[in-house]
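A quick write-up on the structure given underneath.
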2 protein chains.
Amino acid sequence: MESNGAGRASRPAGTRERILDASGELFRRRGYAATGVKAILAASGAPYGSLYHFFPGGKEELGVAAIDAGGAVYRELVESYFGSGADLVDATRRFFEDAAAVVRDHGYADACPIATVALETAGSSEPMREAAARAFESWLRILERRLVDAGVEPAVARAVALELFCAIEGAFLHSRTTRTTEAIEAVGRAATARVRAVLGSLG
Amino acid sequence: MESNGAGRASRPAGTRERILDASGELFRRRGYAATGVKAILAASGAPYGSLYHFFPGGKEELGVAAIDAGGAVYRELVESYFGSGADLVDATRRFFEDAAAVVRDHGYADACPIATVALETAGSSEPMREAAARAFESWLRILERRLVDAGVEPAVARAVALELFCAIEGAFLHSRTTRTTEAIEAVGRAATARVRAVLGSLG
DNA sequence: ATGCTACTGGATAGATCGTTCTAGCGATAG
DNA sequence: CTATCGCTAGAACGATCTATCCAGTAGCAT
């Protein structure tokens, strides 16, 4: 037994984590199919044995785990902006502004940790498709809840959350493709105005 | 010489077109890296010789051509909704409604012909990245122009065009991942309201 | 008819793919 | 001391990848 954490071996320095981090970055930047297991091992400094020890299901299990991990990271990011008690209009504005800065500063390589893999595998791997759907839903729930907390009708809150999600995801696609932040800035302004309007129309 | 069309051989029944159609569908559904040239040839019924005859640059040149072709098809689709003289509010509403129907009827396999490949190759192939950027820009230009024709300030028209683009692309991602049309419907309503508002605020 | 060009057909090469397998290391428990 | 267990290490495998190569066919022009 011995137990530490959630079943993860934390003894050496976290080989499992290193593999997960490396695959997350490579999947996010190059996609799932284009990323070879060998590249992941090279980037993480782990041998084959370790990968199949921690992820007996092979590349697909690693894909699911990487989506879960990326989803959790982004969920915490959303929480950090749209945490309980946050000024939602200001949070929206800052979220998009900061997203633009991050994407630009990373040379337009990193944006959504999941989108590329989600589109690639939506039709070919149910486990990965479902993992991506869970991650997206968890982000939406945060926005939805905050809007409802602020007094917005649940159905409207859901719709606005979806609008913000689609805005940033579409903008990430445009940004990575054109190597500009034009779209992120444009939809950021629109999203901010939208949130302001939906909050402003309350009793 | 002989000449016909834009340098394409149209003699037999269009082997080049069949290759292009097959790769377009496979790239759109599975992505670029996960689609082998063998699968493309099998789907199109063409031999290796033909592929490298028509696309000497190999898979990457085929990728660029498929993006160009997919971009053109979608450009015509946008034109068919947002053609000169169209009712922009109605066109927006119908565009999203019809998009939801198509995606659902195709089992959530087909959505944007370019998005998956664009995300995959944005960081690894400049020719493909640029092709995708050209395609996106050509769609945006149509929307932009119609809005300007309707009297919208150019900068606002650009922003609204980007908003619509990001809305549909983000919704396609959500739809393919969740196998629902929830997002397309939500952003469709928001987009329609947005276009109505921006047109309604004119002199 | 003959030569020319466009295209077809597929075998083959060389690299890389994901996975499996066995051997062994190092720390901890008995 | 010895057994056990978690993990490391990488060789090896069959499959599949993209690309090359060349022989063969069909249609057109002269």
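Throughout, protein chains are lettered first and strands after them, A, B, ... in sequence-line order, and every chain is numbered starting at 1. Below, each value reflects all heavy atoms present in this structure, side chains not excepted, and no hydrogens, waters or symmetry copies.
Shown here are the ring-ring contact (aromatic ring centres under 6.0 Å, His included) partners of Tyr81(A), two or more places apart in sequence or in another chain: Phe95(A). Under the rule for a salt bridge (Lys or Arg N to Asp or Glu O under 4.0 Å), the partners of Arg141(B) that lie at least two apart in sequence or sit in another chain are Glu137(B).
Remark: Arg94(B) CZ is packed, more than 12 non-hydrogen atoms of other residues, nucleotides or ligands lying under 6.0 Å away.
The interatomic distance linking Phe54(A) (CZ) with dC5(D) (P) rounds to 17 Å, in whole Å. Distance Leu51(B) CG to dA19(D) P: 9 Å, rounded to the nearest Å. The distance between atom CD1 of Ile40(B) and atom P of dT18(D), rounded to the nearest whole Å, is 8 Å. As rounded to whole Å, 18 Å separates atom P of dA23(D) from atom NE2 of His53(B). The CD atom of Glu61(B) sits 15 Å away from the P atom of dT18(D) (whole-angstrom rounding). In this structure, Ile19(B) atom CD1 and dT8(C) atom C1' are separated by 11 Å, rounded to whole Å.
Judged by a 6.0 Å distance limit and a 45° cone about the ring axis, Lys59(A) is not positioned over the six-membered ring of Tyr52(A).
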*Assign a letter to each nucleotide of nucleotides 14-24 of chain C from its 5' end: B, base within under 4.0 Å of a protein heavy atom; S, sugar-phosphate only; -, no contact.*
----SBB----
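Below 30°, between 30° and 60°, or above 60°: for Trp139(A) and Phe165(A) the angle between ring planes is between 30° and 60°, a tilted geometry.
Between Ala22(B) and Ser44(B), the closest heavy-atom pair is CB-CB, 3.8 Å.
Side-chain nitrogen and oxygen atoms of Thr15(B) include at least one within less than 4.0 Å of the OP1 or OP2 phosphate oxygen of dT8(C).
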